[in-house]
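Note sheet for the following structure.
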Amino acid sequence: MKRIILSMAIVFGTCAFAQEKKSDTAKTKNIEGVTITKQVFKKQSDRFVYDVAASPVAKGNTTFDLLKQTPLLSSTDDKTLKIAGKNNALIYINGRKSNMDSESLAQFLKNTPAENIQKIEVITVPGSEYQVESSDGIINIVLKKKMSDGLNGNMRMSNTTNKYNGSQASFSANYRKDKLGVSASLSGGENIEAQTYTLRNGTSTTSNESTGDIDDPNKNIGGYLNIDYQLNDKSNLALSWNTWANKSYNSTVDLFNTIKKTNTEYTWSKNRENTRSYNNSVNLNYELKTDSLGSKLNVNAAYLNYRRFQFTDNQTFTSDINRNVGARTKQVIQDLPQIINNFSGMVDYNQKFKNDLTVSVGGNYNKTKTDNDSKNITYSFNPVTAPDSRPNHFIYDENIYGMYLTVEKKISDKLSGKVGARYEITNSLGTSDNAPTEALRRIERNYKNLLPYLSLNYAINDKNNISYSFSSRMRRPSFWELNPVKNILTDDNYTQNDPFVKASSNYNQELTYMYRNSYFLILNHSYIQDVITQVPLQGYPVSPDGKIGDNPALRYIRTNFGNKQEMSAMVGIQKSFFKQYWTTNFNIGVQHNINNGSLDTDPTTGDRFKDQKGPNGNFITYTNKTNSTSLLIQTNNTIRLDKKKTWFFGLNYFFVDKQQIELGSLKNLMSLDLSLKKMWNDWTFAVNVNDVLNTNIVKIEDFQENGNYNYIHQNRYNRSLIVSLTYNFGNQKVKKVRDIEGASDAIKSRTR
């Protein structure tokens with residue numbers, strides 16, 4: 001059910017809000033830790049660095065809240081994060097890509113105290129040493145680490161109230177003894193994610209409206225364990241383990257449907273779902289310093305196991321205009337498990353020379369197998385027919401070989417640059433023992449890609465800096481997008497995954513100007529070929545053999561949908577005023593989207609759609625060849641209320657103007673968030689009120705020239721009250737963390 005909702009709200013995966021954060025991932029480079037004492041926000045050659053260790057913004061907050069207030073980052077759905085001008089942001093922790101699927105990662109970040117963080121690095125255009133997808137940027141969260149022997153840590157408890165009540169708790173600790181360093185965290189909570197939907201769609205002769213509520217109860221528990229041991233002065237060995245588990249039983253969808261064709265029909269869709277998922281990954285890292293200049297050899301080996309078990313019971317009942325529940329007409333029972341196993345290895349070497357030249361070379365290998373043994377049984381009761389059983393065991397094997405070469409050179413005191421390239425080989429095979437068509441039973445893809453990268457940085461003087469970056473990337477479909485299963489919302493409305501989805505190509509450019517490390521201008525351009533997205537196909541379905549359905553249907557099909565361009569221009573400021581009584585982060589800009597796609601056939605079944613039943617009906621093509629220009633505003637403000645620095649008031653606001661996305665026109669979104677914080681010794685008390693004006697509600701509308709229309713109204717109850725209490729214990733002195741990127745990082749985000 002969560003997958004249905006994520007699919008229906010695909011806007012948060014496709015809306016390129018230049019200020020938003022967001023999500024199932026890689027080659028590595030050790031991210032050099034930088035301690036910033038005076039400059040809170042700084043532009044380095046390939047990244048922005050935000051030092052938050054001593055900032056009052058971090059006190060009493062969660063990691064997710066802190067990221068939303070970081071320059072260039074934001075979120076509109078309180079689940080996913082985006083970097084300015086980027087489709088997606090990959091979360092790295094101490095240089096290692098997060099090992100969790102997107103749902104688990106959001107809960108993990110919301111349960112991890114921000115006091116654990118030393119700094120946040122925002123890499124807007126990652127170099128060739130990173131195997132990232134699409135126009136993805138990287139958010140690297142550098143955690144604090146103890147400087148001297150002993151123990152420190154924190155505990156946090158919070159309560160969230162919106163439509164329902166939820167609670168969270170976490171415990172984190174750092175321990176150091178001589179050459180051994182250990183850090184660990186355990187967190188969990190429970191809540192009910194509530195949504196209210198209105199879905200309208202139709203053709204020139206038919207219409208359907210579904211309205212109702214969705215309640216998704218969740219229980220989460222997880223954490224991490226990092227062990228780092230210094231073998232000698234030149235080498236270190238580290239072991240990292242991440243785990244997260246989610247249980248969501250008795251999720252409910254209750255939608256009242258009004259279907260208009262030659263007559264008007266009323267039905268109820270009542271869906272129940274039990275889901276649980278487990279995410280475990282382990283990474284072993286060996287680092288060897290080969291000279292005094294900082295040259296390093298890094299070797300990683302990793303294993304990832306992701307398991308999701310989903311059981312759904314979708315029932316349809318007759319009804320009347322008064323919404324009375326009548327006889328049951330149809331029941332669809334689905335068992336939709338997904339098991340992912342990934343083995344990966346990675347080796348890279350950075351050679352530094354005395355003339356400010358660095359050469360990096362490396363390679364990686366990822367082997368992934370996904371097992372999706374789905375069961376699907378349909379029972380019809382009016383009239384009664386034999387059960388229609390359609391099991392489908394879909395297995396997907398993928399092998400990715402990658403290698404890269406990067407050369408970085410400081411040409412002069414003012415000019416530096418980096419040039420590189422990745423070469424990737426992808427071989428995949430998807431097999432299905434009972435697919436609806438013969439073409440779906442074996443899908444093999446083999447492709448090779450050369451992905452160049454260029455970055456130039458020019459320091460005009462000590463106050464002015466300008467940089468330019470270009471990169472090309474592939475965007476591979478997530479594993480759940482390839483699994484050919486239906487996620488049913490109503491009797492005639494569902495989302496459909498697609499094993500035919502192929503990788504898309506992305507070409508990204510960025511020009512950045514920064515003044516006094518406080519004021520910045522960022523220009524972005526992205527061109528995407530074969531965009532991977534959801535497309536609504538609707539009307540009377542007509543199968544390849546000419547059989548036409550009795551009722552109009554709406555299918556949200558995962559597919560490749562033409563090409564797209566995204567352009568943005570943004571100016572911003574990160575600065576403190578009035579002797580640091582007021583700290584502000586303000587961004588304003590414009591986003592221009594150019595969409596160019598069309599689709600007339602369901603690629604998974606070969607079905608086409610007519611605007612009316614019978615021989616006089618016309619076949620329908622869904623098109624989106626429109627442009628839009630949108631205003632984007634974001635500001636985060638922290639105001640110190642007393643001289644002792646114990647009381648703080650926060651005011652955060654974002655606005656996203658109406659813009660065109662693949663599903664249609666997304667209406668404007670905005671949110672005003674307020675907070676009050678009190679620090680007392682090692683305790684921090686905080687109260688947050690999010691979406692005070694209740695304006696962060698999704699509305700998507702699309703009208704086609706042929707008379708088709710589609711409308712989505714989604715209220716996720718973002719208005720909420722959060723009360724939290726945080727306690728810090730032990731010696732809080734910290735030092736730079738040794739950063740490691742895991743070998744299986746290329747796979748992780750594709751489990752979402």
Side-chain angles (χ1 to χ4, degrees), residues 17-21 34-59 61 63-75 81-86 89 114 117-125 137-142 457 459-467 469 510-524 568-590 632-640 645 648-655 671-673 675 677:
F17 168 29
Q19 296 305 316
E20 292 175 22
K21 120 224 131 298
V34 178
T35 301
I36 305 172
T37 56
K38 295 182 180 180
Q39 297 172 333
V40 175
F41 187 60
K42 182 179 181 180
K43 177 67 169 71
Q44 294 184 334
S45 61
D46 64 344
R47 71 197 64 194
F48 294 89
V49 180
Y50 182 41
D51 181 23
V52 298
S55 171
V57 176
K59 298 292 185 180
N61 264 333
T63 299
F64 193 88
D65 290 332
L66 182 60
L67 290 172
K68 288 197 300 182
Q69 298 183 55
T70 299
L72 308 181
L73 305 182
S74 66
S75 173
L81 292 159
K82 279 194 175 182
I83 301 174
K86 303 297 174 184
I117 298 177
Q118 174 72 26
K119 62 182 177 180
I120 297 170
E121 298 178 332
V122 181
I123 307 174
T124 54
V125 183
I138 291 175
I139 302 172
N140 183 41
I141 302 169
V142 181
N457 189 76
I460 302 172
N461 50 45
D462 59 351
K463 297 180 181 179
N464 297 273
N465 184 282
I466 188 169
S467 61
S469 298
E510 179 179 282
L511 181 65
T512 301
Y513 167 74
M514 198 160 192
Y515 176 69
R516 288 182 175 269
N517 286 302
S518 296
Y519 307 90
F520 52 88
L521 166 68
I522 300 178
L523 305 177
N524 280 293
S568 66
M570 181 187 65
V571 293
I573 177 176
Q574 165 68 36
K575 193 172 179 62
S576 294
F577 298 94
F578 309 116
K579 298 181 179 180
Q580 297 188 335
Y581 269 86
W582 174 35
T583 300
T584 184
N585 164 23
F586 178 80
N587 307 317
I588 186 171
V590 292
L632 311 166
I633 301 173
Q634 179 189 4
T635 179
N636 301 308
N637 301 272
T638 301
I639 301 172
R640 176 158 56 94
K645 301 182 180 180
F648 293 89
F649 174 73
L651 187 153
N652 303 326
Y653 174 81
F654 77 78
F655 173 81
S671 179
L672 173 66
D673 306 332
S675 65
K677 188 186 311 181

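One-based numbering along the sequence shown.
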*Determine, stepwise, if the pair Asn637 / Phe649 fulfils side chain to side chain contact (heavy atoms under 4.5 Å, CB included).*
CA-CA 8 Å; Asn637 301 272; Phe649 174 73; over 6 Å; no
*Measure the spacing between CE of Met514 and NZ of Lys463 and express it to the nearest 0.5 Å.*
15.0 Å
*First locate atom OG of Ser469, then atom CD1 of Ile123, and finally report the distance between them rounded to the nearest 0.5 Å.*
11.0 Å
*Check for a donor-acceptor pair, side chain of Gln634 on one end and backbone N or O of Asn585 on the other, with a separation under 3.5 Å.*
no
*Would you name the heavy atoms of Arg640 and Lys579 that are closest together and state the gap between them?*
NH2-O, 3.0 Å
*Would you call Phe520 and Met570 a side-chain contact if the rule is heavy atoms closer than 4.5 Å?*
yes
*To the nearest 0.5 Å, what is the distance between CD (Glu121) and OG1 (Thr70)?*
12.0 Å
*Would you say Phe577 has more than 12 foreign heavy atoms packed within less than 6.0 Å of its CZ?*
yes
*asked:* Do Asn636 and Phe654 have side chains that approach each other closer than 4.5 Å (heavy atoms only, starting at C-beta)?
replied: no
*CZ on Phe655 to CD1 on Ile588, rounded to 0.5 Å*: 10.0 Å
*In Å and rounded to the nearest 0.5 Å, what is the CD1 to OG1 distance from Ile139 to Thr124?*
11.5 Å
*Heavy-atom pair of closest approach, residues Asn457 and Ser467*: OD1-CB, 3.3 Å
*Which heavy atom in Ala569 sits nearest to a heavy atom in Leu523, and how many Å separate them?*
CB-CD2, 3.5 Å
*Check Ser576 against Thr583 and note the closest heavy-atom contact, atom names and distance.*
OG-OG1, 2.9 Å
_side-chain contact (heavy atoms from CB on, under 4.5 Å) partner of Asn464, the single match among Asn461, Ile466, Asp462_ = Asn461
*Heavy-atom side-chain proximity of Ile639 to Leu651 below 4.5 angstrom*: no
*Look up atom CH2 in Trp582 and atom OG1 in Thr584, then write down how far apart they are to the nearest 0.5 Å.*
5.0 Å
*Is the shortest heavy-atom distance from the side chain of Phe48 to the side chain of Thr512 under 4.5 Å?*
yes
*Of all the heavy-atom pairs spanning Val122 and Leu72, show the shortest one and how long it is.*
CG1-CD1, 4.5 Å
_If you compare all heavy atoms of Ile573 against all heavy atoms of Asn587, which two are closest, and at what distance to 0.1 Å?_
N-OD1, 4.3 Å
